[in-house]
Enquirer: 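To start, I am sharing the structure in question, which I have written as structure tokens.
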Amino acid sequence: MKWSIHHKSITASTNIDALAGNHGDVFTADFQTEGKGRLDHVWHSSDGKNLIMSVVLNVEEISPQRISTFPLVAGLAVAQGCEKLLNISFGRCLKWPNDVLINERKLSGILCRLNGNLLIVGIGVNVNETVFPDDIVATSIKNLSQSANDIQLKHIRDIILQELGRLYDKWTSHGLAGILKDIKNRDYLKGRVLLLRQTDDDASPVSGLCEGISNDGAIIINGRTFYAGEANILKCPLA
Ligand code: BTN
């Protein structure tokens, strides 16, 4: 995969910049004035400290159901990239549908948006930020690293893009099939009791035991599958 990098020191949101992009374009910034998270949350990131990027991918031939699984693929790319950089294994770090958590703290968040035939994959990774506001339960690569030195953002960007390109190729050809084992091995929610708020406003929240991620990327709670929503842990009976 050949990536074209477009960098700004300051922007509103790289996900907005990416609306003007084509397949293979990557929009990065040192700082966002309107960084966007899921469910209208704000994505905070101090100037120049962290990886902020939005990747544009062609999804013309892909079904909507398969497209909805891409946050998991992007999460896997982030997890594998960071694991390579740090030379450690994160274990169960993928919180369906779009977070990478280490030691219960958020390392990365992913926000995908469809723009016609193009998927904008917004990825925020906490890299050199070491102290977070009290209301943000987060960690960073630097917090997880043995070294006191800052990590070069371009270095982690390129490692993650390499993983993302490789996984995107597999996913376009075979869907989740070729990478399901890697996703399931990292499933953070399996075995925990959850409250799932469904993104459809009319649907009521669902609680129950999470049985893991299904072969088509949904979450299974009490035998029912859900393709979208926000999961919060109520308790962890298997811990
Ligand atoms: C979340 O966890 O809620 C998703 C966070 C996504 C943040 C990234 S940073 C790069 C891109 N630009 C944005 O405004 N948001 C995404």
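Please read these numbers as outputs of a predicted model, since none were measured by experiment. Order of appearance sets the numbers: ligands from 1, and atoms from 1 within every ligand.
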Enquirer: In terms of atom number and element, which parts of ligand 1 are under 4.0 angstrom from non-hydrogen atoms of Gly124?
Expert: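 Heavy-atom distances to Gly124 below 4.0 Å select 8 (C), 9 (S).
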Enquirer: Give the atom numbers and elements of ligand 1 that come within less than 4.0 Å of a heavy atom of Ser13.
Expert: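 Answer for ligand 1: 12 (N), 13 (C), 14 (O).
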Enquirer: Looking at Asp99, which atoms of ligand 1 are within less than 4.0 Å of one of its heavy atoms?
Expert: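 Listed by number with element: 2 (O).
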Enquirer: Checking Glu60 side chain against Leu118 main chain: does a donor-acceptor pair fall under 3.5 Å?
Expert: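 It does not hold such a pair.
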Enquirer: To the nearest 0.1 Å, how far is atom 12 (N) of ligand 1 from its closest protein heavy atom, and which atom is that?
Expert: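 The protein heavy atom lying closest is Gln32 OE1, 2.8 Å.
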Enquirer: Taking only heavy atoms of Lys36, which atoms of ligand 1 are found under 4.0 Å from at least one of them?
Expert: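 Atoms satisfying the 4.0 Å criterion: 5 (C), 6 (C), 7 (C), 13 (C), 14 (O), 15 (N), 16 (C).
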Enquirer: Any nitrogen or oxygen of Trp43, side chain or backbone, less than 3.5 Å from one on ligand 1?
Expert: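 No; every N/O pair is 3.5 Å or more apart.
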Enquirer: For ligand 1, indicate whether the residue Met53 contacts it via side chain, backbone, both or neither (heavy-atom separation under 4.0 Å).
Expert: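 For Met53, only backbone atoms sit under 4.0 Å from ligand 1.
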Enquirer: Starting at NE2 of His155, measure out to CD1 of Ile141 and round the result to the nearest 0.5 Å.
Expert: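 Reported value, rounded in 0.5 Å steps: 9.5 Å.
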Enquirer: Quick one: pull up CG in Asp150 and NZ in Lys49 and give me the separation to the nearest 0.5 Å.
Expert: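 Output value for this atom pair is 6.0 Å.
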Enquirer: Should the proximity of Ile16 to ligand 1, defined as any heavy atom under 4.0 Å, be assigned to the side chain, the backbone, both, or neither?
Expert: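 For Ile16, there is no contact with ligand 1 at all, from either part.
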Enquirer: Could you tell me, atom by atom, which parts of ligand 1 come under 4.0 Å of a heavy atom of Ile110?
Expert: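 Close to Ile110: 4 (C).
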Enquirer: In Å, rounded to the nearest 0.5 Å, how long is the span from CG of Asp17 to CG of Asp25?
Expert: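 Output value for this atom pair is 11.0 Å.
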Enquirer: How many angstroms lie between atom CH2 of Trp96 and atom CD1 of Ile219, to the nearest 0.5 angstrom?
Expert: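 Going from CH2 on Trp96 over to CD1 on Ile219, the span is 5.5 Å.
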Enquirer: For Gly37, take its heavy atoms, then give the atoms of ligand 1 lying under 4.0 Å from any of them.
Expert: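 Those atoms are 1 (C), 3 (O), 4 (C), 5 (C).
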Enquirer: Do Trp43 and Ser13 meet the criterion of a side-chain donor-acceptor pair at a distance under 3.5 Å?
Expert: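 Not at all, the side chains of Trp43 and Ser13 share no donor-acceptor pair under 3.5 Å.
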Enquirer: Side chains of Lys142 and Asn50: is there a donor and an acceptor less than 3.5 Å apart?
Expert: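 No, no side-chain donor-acceptor contact under 3.5 Å.
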Enquirer: Same cluster or not: Leu111 versus Val100, using hydrophobic residues (I, L, V, M, F, W, Y) connected whenever any side-chain heavy atoms lie under 4.5 Å apart?
Expert: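 They do not share one cluster, since no chain of ILVMFWY contacts under 4.5 Å joins Leu111 to Val100.
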Enquirer: Quick one: which ligand 1 atoms are inside 4.0 Å of a heavy atom on Gly35?
Expert: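 Close to Gly35: 14 (O).
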Enquirer: Distance from Leu86 atom CG to Leu144 atom CG, nearest 0.5 Å?
Expert: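 One gets 6.0 Å once the value is rounded to the nearest 0.5 Å.
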Enquirer: Atom 2 (O) of ligand 1: which protein heavy atom is closest, and how many Å away?
Expert: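 The protein heavy atom lying closest is Lys106 NZ, 2.6 Å.
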Enquirer: Just checking, is any N or O donor in the side chain of Ser54 or Asn15 under 3.5 Å from an acceptor N or O on the other one?
Expert: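 Result is yes, a qualifying pair exists.
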Enquirer: Within a distance under 4.0 Å of any heavy atom of Thr14, pick out the atoms of ligand 1 and give their elements.
Expert: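 Within the 4.0 Å cut-off of Thr14, ligand 1 contributes 10 (C), 11 (C), 12 (N).
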Enquirer: Quick test of your reading of the structure: of Arg38, Glu230, His41, His44, whose heavy atom lies closest to atom 3 (O) of ligand 1?
Expert: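 Checking each option, the heavy atom nearest atom 3 (O) of ligand 1 is found in Arg38.
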Enquirer: With only distance considered, is Glu34 within less than 3.5 Å of ligand 1 through an N or O on each side?
Expert: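 No; every N/O pair is 3.5 Å or more apart.
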